[in-house]
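Read the structure below first, then the notes.
The basis for the numbers below is simple: all heavy atoms, side chains too, and nothing from hydrogens, waters or symmetry mates.
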Amino acid sequence: MTRLGFLLDSQSCIGCHACTVACKAEHDVPLGVNRTWVKYIETGTFPDVDRHFSVMRCNHCDDAPCISICPTNALFRADNGVVDFDDGNCIGCKGCMNACPYDAIYINPVTNTANKCNFCNHRIDQGLEPSCVVVCPTHAIKVVDLDDPADETTQIIARSETAVRSPEQNTLPKVHYRGAHQAALDPLSTAIADDGMIWADTTASHPTAEPASDGVMARTTYTTAHQMTWKAKVSSYLVTKAVAAGMMAMAALLVLLGHGGEQVTVGVVPPVVAGVFLAATGVLLVWDLRQPTRFYYLITRANPRSWLVKGAAVLGAFAAVCAAWFVAGVVGSIGSLQVLAAPAALLGAATAGYTAFLFAQCEGRDLWQTPLVLPTLLAQAVTAGGAGYAVMELAVEGPDREVAQWVLLAGVLATAALIGAEILSRGTAHVEAAVAAMTRGRYARQFWAGGVGLGLAVPAVLVAVALAADSGPVLAAVAGICAVAGMWFYEDSFVRAGQSVPLS
């Protein structure tokens with residue numbers, strides 16, 4: 001067996017960037033992205049200032065989350081233990097970028113596929129060293145075979161104090177650092193220098209930067225910018241599938257309550273609305289791919305471990321049940337609706353909730369690892385179902401207006417409780433940094449005004465008034481529209497805040 005890795009000797013690194021240049025030349029890496037780069041940090045105060053250099057790159061983890069989440073097996077483990085990639089299989093879903101805890105994967109702007117350090121495997125196959133190793137003037141980059149105890153570099157690691165990045169992620173990285181300052185390996189231990197960056201285009205200083213373990217606040221003076229990968233399309237898809245799931249769950253509830261004979265409002269409208277929003281979900285998912293014409297690779301080259309693949313299967317099964325429900329509703333078959341009620345409710349819950357398991361595979365985003373994601377998504381589906389029926393009441397009278405309003409109110413209150421628990425609970429430093437960005441930082445306005453105010457407070461008050469006054473459908477419909485709109489603002493702040501924490 002062979003398990004190749006790197007020893008990066010920060011004590012020897014002089015910050016010359018030869019490795020970065022050689023890597024770009026070897027792999028024709030475009031401007032603005034890097035497979036490997038040198039991070040500079042400074043410690044101390046003038047005149048006692050030190051600069052530390054650390055090379056950043058893929059860690060070729062033994063338990064690589066990027067391989068697990070990749071839906072088309074574009075990322076794979078080579079026989080020598082290296083995590084390699086196949087451009088021809090990549091659909092540009094960007095899941096691997098969120099799965100990587102080391103910010104090592106980027107989208108190549110020329111090929112629109114995910115690229116990263118692949119250990120120059122084409123050179124390894126020819127018995128050559130990676131280009132970065134060859135050009136390093138101080139031999140600060142060394143190849144190691146971690147399965148060979150006689151390997152010289154393996155012995156250096158064994159007798160030296162070395163560190164790996166983010167060991168708490170349990171990815172078992174195979175890039176070892178010797179002599180690296182702790183703050184260089186932990187991006188939350190540094191603040192961006194406020195006197196300018198040398199050549200750098202990077203994110204602003206994170207508000208929750210903490211002193212390194214030696215009590216010294218380090219300053220990052222050079223690093224590289226990395227892309228926020230999932231944005232408004234992903235936030236929108238979370239809402240569209242919640243509406244589809246909620247409408248069918250609401251219809252299933254009404255069938256179980258004995259309203260299966262309501263042909264239009266139970267048998268026909270819910271599957272039509274669900275179908276429209278499922279179609280919107282599919283459009284958003286394909287539109288967000290960097291290689292949208294390859295979307296069918298999810299079927300033809302599927303990785304069954306990926307929740308992107310499992311999610312596509314769930315959406316397909318739910319669409320089939322919606323179609324069957326529509327047919328049963330058109331012909332007025334109450335018995336068929338009763339048979340379909342349980343599958344519709346279960347697949348609706350799966351449609352709304354599977355993203356929690358997809359987010360769990362995004363191991364680089366600690367905020368998304370909370371166990372509250374699944375119940376929050378389910379509560380949002382309940383909200384969306386009640387909202388959908390409340391809006392439908394404006395056009396056609398439903399079988400039981402109060403049921404829809406109570407469902408809407410229950411969904412809003414449950415969502416509020418879950419979001420409250422989420423922002424009040426303690427977590428890792430990355431979780432707390434993301435929550436700070438969501439509640440006090442860049443995304444605070446859309447979270448509080450949009451997600452909480454518009455999406456929770458306003459609907460709760462309007463529905464409570466509608467129920468107390470036994471009013472017409474208008475108040476509840478407005479409440480439903482506000483709830484769904486606010487749901488988007490919350491999801492967008494959650495999705496973006498989770499990606500706002502620096503990983504390198």
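Looking at Met250 and Val382, their side chains never come closer than 4.5 Å, going by heavy atoms from C-beta outward. Within the 4.5 Å cutoff, the side chain of Pro65 has heavy atoms near those of the Thr171 side chain. Under the 4.5 Å side-chain criterion, counting only non-hydrogen atoms from C-beta, Arg165 is in contact with Ser504. Residues Asn34 and Cys23 fail the side-chain proximity criterion, which asks for heavy atoms closer than 4.5 Å. Contact annotation: the side chain of Phe447 approaches that of Ile423 to within less than 4.5 Å [non-hydrogen atoms, C-beta and beyond]. Using a 4.5 Å cut-off on side-chain heavy atoms (C-beta onward), Leu358 and Lys310 make no contact.
Just one residue in the list Tyr222, Tyr40, Trp37 forms a ring pair (Phe, Tyr, Trp, His ring centres under 6.0 Å) with Phe53, and that residue is Tyr40.
A donor-acceptor pair shorter than 3.5 Å can be found between the side chains of Thr43 and His52. With no hydrogens or angles considered, no side-chain donor-acceptor pair links Thr72 and Arg301 at under 3.5 Å. Defined by atom type and a distance below 3.5 Å, a donor-acceptor pair is present between the side-chain atoms of Thr240 and Thr281. Looking only at atom types and distance, the side chain of Thr224 has no donor-acceptor partner in the side chain of Lys39 under 3.5 Å away. Residues Asn118 and Asp84 bring a donor and an acceptor atom of their side chains to less than 3.5 Å of each other. Between the side chains of Glu363 and Asn170, no donor-acceptor pair of N or O atoms lies under 3.5 Å. Checking Trp488 against Ser236 by side-chain atom types alone, a donor-acceptor pair falls below 3.5 Å. For the 3.5 Å distance criterion, the side chains of Tyr490 and Thr415 fail to qualify, holding no donor opposite an acceptor.
Heavy atoms only, all atoms of each residue included: Ile41 and Ala218 are closest at CD1-CB, 4.1 Å.
A donor-acceptor pair under 3.5 Å is absent between the side-chain atoms of Ser166 and the main chain of Glu168, judged by distance alone. At least one donor-acceptor pair under 3.5 Å links the side chain of Arg294 to the backbone N or O of Cys90. Looking only at distances, a side-chain donor or acceptor of Ser306 sits under 3.5 Å from a matching main-chain atom of Ile69.
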Val49 and Arg219: side chain to side chain contact (heavy atoms under 4.5 Å, CB included), yes or no, with the steps?
CA-CA 11 Å; Val49 178; Arg219 299 173 300 282; 4.0 Å; yes
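Under the rule for a salt bridge (Lys or Arg N to Asp or Glu O under 4.0 Å), the partners of Asp492 that lie at least two apart in sequence or sit in another chain are Arg496. Listed by chain and residue number, Glu432 satisfy the salt bridge (Lys or Arg N to Asp or Glu O under 4.0 Å) test with Arg426 (two or more places apart in sequence, or in another chain).
Looking at Asp62 and Lys174, a side-chain N of the basic residue comes within less than 4.0 Å of a carboxylate O on the acidic one, giving a salt bridge.
Sparse packing is recorded around CZ of Phe277, with 12 or fewer heavy atoms of other residues, nucleotides or ligands lying under 6.0 Å away.
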